[in-house]
Enquirer: 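My questions all concern the structure below.
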Amino acid sequence: MFNKVLITSLFYILLSTVISFGQNGEANNWFFGGDYDPSTDSAAGLNFNGVVSASILSPMKAPEGSASISDQCGNLLFYTNGRTIWNKSHEIMENGDSIWGHLSGVQNSIIVPISNQRYYVFTADGSSNPDKWEGDSAFAYSLVDMKFNGGLGEVIIKNQVLFKRPNESIAAVHHSNGKDVWVASININDGNKLYAYLVQDDSISNPVISDISTQIHSLGHLKFSPNGQWLTYSKWSELFKFDNTTGQASFFANLGVAGYTLGGSTSFSPNSKVLYYAESFGFGTARSIIQYDLSFEDSLTIVQSKDTIYTIGGGRRFTDMQLAIDGRLYLCDGGPSANSDSIGYIEFPNILGPACNVVPEAIDLNGRVHNTRLPDFIESYFDDQNTFMPQSAHFEINDSVVCIEEMIHIDNRTIGIWDSIILYLGDGSAFFDTTSLDHTYGSLGEFQIKIIAYGSCFNDTFQKVINVLPVSEFSFVDSTICQGDSLTLDIAALNPQNQLWSNGSTSISITVQDSGLYYVDAIDSNGCAISDSTIVSLIDIPLTFDLGENQELCDGDSVILNINAQGAESYSWSHDSAFDQILWVSKAGVYVAEANNSCGSSSDSIALDFIDCNSIFIPNGFSISRSSYFSPITNGEYNFQIYNRFGELIYSGNQDDKGWDGTYLSEHVETDVYVYRVLKSENKLPLTGNFLVIN
């Protein structure tokens, strides 16, 4: 055990020069103590900006509890003894009197920064003080706004009651999100239950109530561990588990420390793995500092790890413990009257055993006295594991590996008050003071996303690398299939991780036989989402078509032949090597047409004959009993006339008539020779002749 402790001690000493306990300076100025003589300015002060100094002088008197707050650069803002608030000029702040904390309260005040240079000051009155809030004491808050009075601040809201009759104890620690703060006290009127309030920006939540002990009442010392996982109460040396996400506390162990008499205190190490307790019995006897090893999981082993590491004599006693930003645990080690002009510290509080190095009376308070208490702060200020970053640049992205053109979401989770915040996305784009944004990368590779927060006393940088991957390329083409055939749609070449087709199939490929729209959604081998669709058309052999009846045409005329076959994709003709749907024909012949598509073909033919349409043929005889009509055989327009031997016109007609039926005046003519006359528009002279009519 000795070697282990020694090695650990040496290792810690080597690291102590480089360990950082946070960049925030909120706890860099302390004001506490002071005697009861109203004619003296006796409150003590410590400054932790660099070498610890006790040169600060203050008019405050704080017989017990006090609190102070600085800005993030460590510049003093204001401080309080629970009844009065002083500004950085050590003058009473505007409206800063008559605050409802009790001067003799063990932990009568604590200060919580919120937004826009405003601060909550929580106060606890004495548990039986009769002059507050309708005859009872109160746990209350006031609001300080530092923008007023040229930066000296003003109390703009005062003494707002949260509950009646607290037990003089207040403790605070950050929520697990590193931004919000839990503030806790004990409500005696509600059966000594722990009331934990969550401070979120400008709001204070309803309390989370925990039934932790029926013994707890006034005079106890309430303390959170810096990581927010533990809570202890010195009155009965009780240890509790605390959930800094929900605000719920639960009893864990009774540490078995001897009884409390006007002294005693408790605190944790910066790494939250060691618990310290100041044991006290009475004014005239020795007082001790006890350690517990919290690295064990069960309560019995923790209780049994109790180790007295230091005892002080000479009637002195340890009345308070408080972590500081330098990593030390500071001690009030006063005499019988409690007043002392120096304070001690534990140099390496993370170390178990005497190697932690208790140094009493280590720092002279420059003629001032500490009385019994040190100032209270939000305990997570002193966490050396960076569990909380009260002042830090930070962002969160939904995924650090994305596909090209895939949208990512970036949330700016930077904590604290900064002059400006710039988010660089690694592709040449930058955004100022944005809270969240969506972004896509149009090229492949690794991009370093970086956020820089610029403050008046320091800057902070946080960065992550995002990897942009390619998306597998593929594309279906619209397809046609013949009736009765099938088509296979396949994405095997993509080596997908999973896929879903529009017909519900999860296979690498699907086979389709029907027309329609088909699509697939898949994840490729890079984890990128891909999708595509295709239209499948179902076709058949082209429908049969008809070029029409065979035709006789006049010489010099022409005709248009049309392959009107539905479903055809290409055409061909037997003449002229033509491949169009329409053919212009002016020559005699048999024309064969064919319509084609990928599924087959259909065909038809037509015979065309061209004749001399100017020739006229007149039969030389007409039998009325055998023939119906008598007319010239010719093409084109004509006028046809018949005369009897007496020169009488017995018939006149044209190409639109059926011809002469062998009658005149509704009676059949007699057998005889008759004269015809044919006049065509193309001819200058009519064609005449005679023919024999036989009954």
Side-chain angles (χ1 to χ4, degrees), residues 31-34 36 43 60-69 78-86 92-93 95-112 119-144 155-172 181-197 199 204 206-207 209 212-213 215-224 233-235 260 262 265 319-320 338 371-378:
F31 293 93
F32 56 96
Y36 289 94
M60 182 182 74
K61 295 182 184 297
E64 292 201 49
S66 66
S68 60
I69 193 71
F78 63 92
Y79 54 96
T80 181
N81 62 0
R83 294 300 300 271
T84 303
I85 298 176
W86 285 267
I92 295 176
M93 183 178 287
N95 198 30
D97 58 345
S98 302
I99 306 299
W100 280 2
H102 199 287
L103 281 178
S104 294
V106 176
Q107 295 166 292
N108 61 16
S109 57
I110 205 163
I111 302 169
V112 177
Y119 298 80
Y120 282 127
V121 180
F122 290 87
T123 54
D125 200 0
S127 59
S128 58
N129 190 30
D131 62 349
K132 296 290 181 295
W133 208 75
E134 299 180 359
D136 210 342
S137 60
F139 180 64
Y141 69 90
S142 300
L143 181 60
V144 171
V155 179
I156 60 173
I157 298 175
K158 188 158 61 176
N159 300 328
Q160 302 298 301
V161 175
L162 294 172
F163 65 81
K164 296 187 293 183
R165 204 176 177 213
N167 79 324
E168 300 187 10
S169 301
I170 310 174
V181 175
W182 291 106
V183 178
S185 185
I186 294 173
N187 188 336
I188 296 176
N189 277 357
D190 193 17
N192 296 309
K193 291 183 176 62
L194 183 78
Y195 275 43
Y197 296 85
V199 179
I204 301 174
N206 292 325
I209 302 173
I212 54 176
S213 174
Q215 301 184 90
I216 294 175
H217 51 82
S218 62
L219 302 181
H221 195 251
L222 197 64
K223 186 77 75 169
F224 283 111
Y233 183 67
S234 66
K235 176 68 178 180
Y260 177 99
L262 294 180
S265 179
T319 58
D320 201 4
N371 209 320
T372 61
R373 298 295 173 193
L374 296 172
D376 284 295
F377 298 96
I378 300 171

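Remember, it's a predicted structure, so these values are computed and weren't measured experimentally.
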Enquirer: Partners of Phe32 by ring pair (Phe, Tyr, Trp, His ring centres under 6.0 Å), sequence neighbours excluded?
Expert: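 Not a single residue meets the ring pair (Phe, Tyr, Trp, His ring centres under 6.0 Å) criterion with Phe32.
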
Enquirer: Minimum heavy-atom separation for Phe224 and Ala184, please, with both atom names.
Expert: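 Nearest pair, atom of Phe224 first, then Ala184: CZ-CB, 3.9 Å.
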
Enquirer: Drop me the distance from Tyr79's OH to Met93's CE, to the nearest 0.5 angstrom.
Expert: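 CE of Met93 is found 10.5 Å from OH of Tyr79.
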
Enquirer: Show, in sequence, the C-alpha distance, side-chain angles and deciding distance for Ile204 and Tyr141, and conclude whether the side chain to side chain contact (heavy atoms under 4.5 Å, CB included) test is met.
Expert: CA-CA 10 Å; Ile204 301 174; Tyr141 69 90; 3.8 Å; yes

Enquirer: Partners of Asn81 by side chain to side chain contact (heavy atoms under 4.5 Å, CB included), sequence neighbours excluded?
Expert: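 Expected list: Met60, Ala62, Arg83, Thr84, Trp86, Leu103.
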
Enquirer: Taking ring pair (Phe, Tyr, Trp, His ring centres under 6.0 Å) as the test, write out the residues that go with Phe78, two or more places apart.
Expert: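 Counting only residues at least two positions away or on another chain, Phe78 forms a ring pair (Phe, Tyr, Trp, His ring centres under 6.0 Å) with Tyr119.
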
Enquirer: Between Lys158 and Asp97 (side chain of the first, backbone of the second, donor and acceptor by atom type, cut-off under 3.5 Å), is there such a pair?
Expert: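 Yes; judged by distance alone, with no hydrogens or angles, the pair exists.
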
Enquirer: Stepwise, does the side chain to side chain contact (heavy atoms under 4.5 Å, CB included) test hold for Trp100 with Ser137?
Expert: CA-CA 8 Å; Trp100 280 2; Ser137 60; over 6 Å; no

Enquirer: Does Ile209 reach the side chain of Leu194, with side-chain heavy atoms less than 4.5 Å apart?
Expert: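 Heavy-atom side-chain distance check fails, nothing below 4.5 Å.
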
Enquirer: Quick one: list whatever passes side chain to side chain contact (heavy atoms under 4.5 Å, CB included) with Ala172, sequence neighbours left out.
Expert: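 So Ala172 forms a side chain to side chain contact (heavy atoms under 4.5 Å, CB included) with Ile110, Val181, Val183, Ile378.
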
Enquirer: Would you sort out whether Ile85 and Ile92 count as a side chain to side chain contact (heavy atoms under 4.5 Å, CB included), showing the intermediate values?
Expert: CA-CA 6 Å; Ile85 298 176; Ile92 295 176; over 6 Å; no

Enquirer: Given 3.5 Å as the limit, does a donor-acceptor pair link the side chain of Ser234 with the main chain of Ser265, or not?
Expert: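 Looks like no, no N/O pair under 3.5 Å.
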
Enquirer: Are Glu64 and Asn108 packed together at the side-chain level, in the sense that at least one heavy-atom pair is separated by less than 4.5 angstrom?
Expert: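 Of all side-chain heavy-atom pairs linking Asn108 with Glu64, none is under 4.5 Å.
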
Enquirer: Between the side chains of Asp190 and Lys164, is the shortest nitrogen-to-carboxylate-oxygen separation below 4.0 Å, so that they form an ion pair?
Expert: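 Result for this pair is no, no salt bridge flagged.
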
Enquirer: Looking at Asn159, is its backbone amide N or carbonyl O close enough to the side chain of Ser142 to form a donor-acceptor pair, meaning the two atoms are under 3.5 Å apart?
Expert: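 Yes; judged by distance alone, with no hydrogens or angles, the pair exists.
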
Enquirer: How about Tyr233 and Asn167: does a side-chain donor come under 3.5 Å of a side-chain acceptor?
Expert: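 There is such a pair (donor and acceptor under 3.5 Å, judged by atom type) between the side chains of Tyr233 and Asn167.
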
Enquirer: Considering non-hydrogen atoms only, spot the tightest contact between Ser66 and Phe31 and give its length.
Expert: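 Shortest heavy-atom contact: OG-O, 2.9 Å.
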
Enquirer: Taking Glu168 for the side chain and Val106 for the main chain, is one N or O donor matched with an acceptor at less than 3.5 Å?
Expert: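 Such a contact is found between Glu168 side chain and Val106 backbone.
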
Enquirer: Restricting to non-hydrogen atoms, name the atom on Asn189 and the atom on Arg165 that form the minimum distance, rounded to 0.1 Å.
Expert: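 Shortest heavy-atom contact: OD1-CD, 3.3 Å.
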
Enquirer: Ring centres of Phe139 and Tyr195 under 6.0 Å apart?
Expert: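 No: the rings miss the under 6.0 Å criterion.
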
Enquirer: So do Ser68 and Phe377 actually touch side chain to side chain, heavy atoms under 4.5 Å?
Expert: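 Side-chain contact under 4.5 Å: yes.
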
Enquirer: Could I get the full list of side chain to side chain contact (heavy atoms under 4.5 Å, CB included) partners for Leu143, not counting sequence neighbours?
Expert: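 Ile114, Arg118, Tyr120, Ile156, Ile157.
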
Enquirer: Can you name the residues that form a side chain to side chain contact (heavy atoms under 4.5 Å, CB included) with Ser109, not counting sequence neighbours?
Expert: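 Only Ala67, Thr80, Thr123 meet the side chain to side chain contact (heavy atoms under 4.5 Å, CB included) criterion with Ser109.
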
Enquirer: Does Gln107 offer a backbone N or O that forms a donor-acceptor pair with the side chain of Asp376 under 3.5 Å?
Expert: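 Answer holds: no.
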
Enquirer: When rounded to the nearest 0.5 angstrom, what distance separates CG in Asn192 from CD1 in Ile212?
Expert: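 Those atoms lie 8.0 Å apart.
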
